[in-house]
Amino acid sequence: MAEPVYRRVVVKLSGEYLAGSQSFGIDQPTVDRIAADLIAAAKLGAEIAVVVGGGNMMRGGSARGMSRTTGDTLGMLATVMNCLALEAAIEAKGGAAKALSAFVMPEICDLFTRSAAHKCLSEGRIVLLGGGTGNPFFTTDTTAVLRAAEIDAQAVLKATNVDGVYSADPKKDPAAKRFDRLTHTEAIEGGYKVMDATAFALARETSLPIIVFSIAEPGSIGAVLSGTGRGTVVAG
Ligand code: UDP
């Protein structure tokens with residue numbers, strides 16, 4: 001079997017994607033499909049950590065009637081729920097998974113530490129990283145880059161609904177230009193909506209490549225890992 005292009009990666013999955021065609025909550029067939037994709041990708045020999053968003057349940061910034069900090073805390077807790085759903089789906093399919101949270105919640109899952117993540121990854125488990133950074137005012141995109149740097153991952157695989165970074169939303173603007181490659185600085189200066197500027201800036205600082213690809217195609221995580229996938233590479 002060919003070696004994967006990256007030995008260890010962080011996959012960033014948006015919470016919204018887990019809602020499937022619904023606008024809210026967890027769509028089990030979608031979670032099962034992603035679990036199967038992650039298991040197949042791990043079989044290529046790569047170590048995979050997953051940072052899951054929470055937009056399918058809660059986005060703090062848009063919460064009404066509460067402080068930003070409280071809203072963000074709800075958002076971070078939503079990401080833990082998504083991790084637990086994915087962990088269960090992976091295990092139900094016979095895969096090895098481990099959810100780790102940025103918060104101490106011993107009855108629910110173990111705490112994220114660099115050493116815990118290293119250990120689980122080296123045992124071949126798919127590691128689900130919940131709770132974001134553990135701090136309000138950040139996003140799970142930034143979390144994905146932060147965790148990738150902390151656990152010595154070689155790339156962040158940013159799953160989206162389209163096959164890369166475009167100059168405008170290709171679903172709205174047929175003239176939108178798709179990029180095969182961008183530098184981190186070009187991604188920041190272009191203001192492309194695919195990831196927030198804090199995430200790109202941290203990736204630039206830590207020299208981490210980000211591969212933006214579409215999760216809509218089954219098997220796309222494995223395709224990116226084996227170097228046959230389609231996506232935009234954002235790298236210095
Ligand atoms: N969040 C936070 N700190 C973090 C990560 C996330 O406060 O380090 C909160 C924030 O309110 C965010 C929500 O959790 O809106 C869900 O995360 P995100 O919007 O990144 O999820 P996604 O869009 O990927 O589903």
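When side chains are defined from C-beta on, Arg181 does not count as touching Thr232, because their heavy atoms never get closer than 4.5 Å. Side-chain contact between Leu86 and Asn82 is absent, with no heavy atoms from C-beta onward closer than 4.5 Å. Using a 4.5 Å cut-off on side-chain heavy atoms (C-beta onward), Val145 and Met195 make contact. Contact of the Val234 side chain with the Thr183 side chain is not registered, since no non-hydrogen atoms from C-beta on lie closer than 4.5 Å. For the pair Thr185/Arg204, a side-chain contact is recorded, criterion being any heavy-atom separation below 4.5 Å from C-beta on.
Annotation for Gln28: atom CD counts as buried by contact number, over 12 foreign heavy atoms lying within 6.0 Å. Residue Glu205 qualifies as open at atom CD: its count of foreign heavy atoms under 6.0 Å is 12 or below.
Glu87 contributes a side-chain N or O that, together with a main-chain N or O of Ala99, makes up a donor-acceptor pair within less than 3.5 Å. Checked by atom type and distance alone, the side chain of Ser220 pairs as donor or acceptor with a backbone atom of Ser214 at under 3.5 Å. Listed for the Asp163 side chain is no donor-acceptor partner under 3.5 Å among the backbone atoms of Gly231. Put simply, the side chain of Asp72 gets close to the backbone of Phe137: a donor and an acceptor are under 3.5 Å apart. Using modelled atom types, no side-chain atom of Ser226 and backbone atom of Pro4 make a donor-acceptor pair closer than 3.5 Å. Between the Thr142 side chain and the Thr198 main chain, no donor and acceptor come within less than 3.5 Å of each other.
Aromatic rings of Tyr192 and Phe179 (six-membered ring for Trp) have centroids within the 6.0 Å cut-off, being under it.
Criterion: ILVMFWY side-chain heavy atoms under 4.5 Å apart, direct or through other members. Under it, Val156 and Phe200 are part of a common hydrophobic cluster. Linking Ile, Leu, Val, Met, Phe, Trp and Tyr whenever their side-chain heavy atoms come within less than 4.5 Å leaves Leu129 and Val31 in two separate clusters. In the hydrophobic clustering of ILVMFWY residues, with side-chain heavy atoms under 4.5 Å counting as a link, Leu157 and Leu202 come out apart. Both Ile90 and Val52 are part of a single hydrophobic cluster, where members link through side-chain heavy atoms under 4.5 Å apart. Transitive grouping of hydrophobic side chains (ILVMFWY, heavy atoms separated by less than 4.5 Å) keeps Val51 and Leu18 in distinct clusters.
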After noting the C-alpha distance and the side-chain angles of Ile48 and Val127, does the key distance pass the side-chain contact (heavy atoms from CB on, under 4.5 Å) rule?
CA-CA 6 Å; Ile48 302 177; Val127 175; over 6 Å; no

inquiry  = Show, in sequence, the C-alpha distance, side-chain angles and deciding distance for Phe213 and Thr160, and conclude whether the side-chain contact (heavy atoms from CB on, under 4.5 Å) test is met.
reply    = CA-CA 6 Å; Phe213 71 104; Thr160 70; over 6 Å; no

Side-chain donor-acceptor distances from residues 5-13 under 3.5 Å, at least two apart:
unit_1: Arg8; atom_1: NE; unit_2: Glu47; atom_2: OE1; d: 2.7
unit_1: Arg8; atom_1: NH1; unit_2: His118; atom_2: ND1; d: 2.7
unit_1: Arg8; atom_1: NH1; unit_2: Ile151; atom_2: O; d: 2.8
unit_1: Arg8; atom_1: NH2; unit_2: Glu47; atom_2: OE1; d: 2.7
unit_1: Lys12; atom_1: NZ; unit_2: Thr140; atom_2: OG1; d: 3.1
unit_1: Lys12; atom_1: NZ; unit_2: Asp141; atom_2: OD1; d: 2.8

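By the 4.0 Å N-to-carboxylate-O rule, Arg125 lies too far from Glu91 to be salt-bridged with it. Salt-bridge check for Lys193 with Asp169: failed, with every basic side-chain N at 4.0 Å or more from each acidic carboxylate O.
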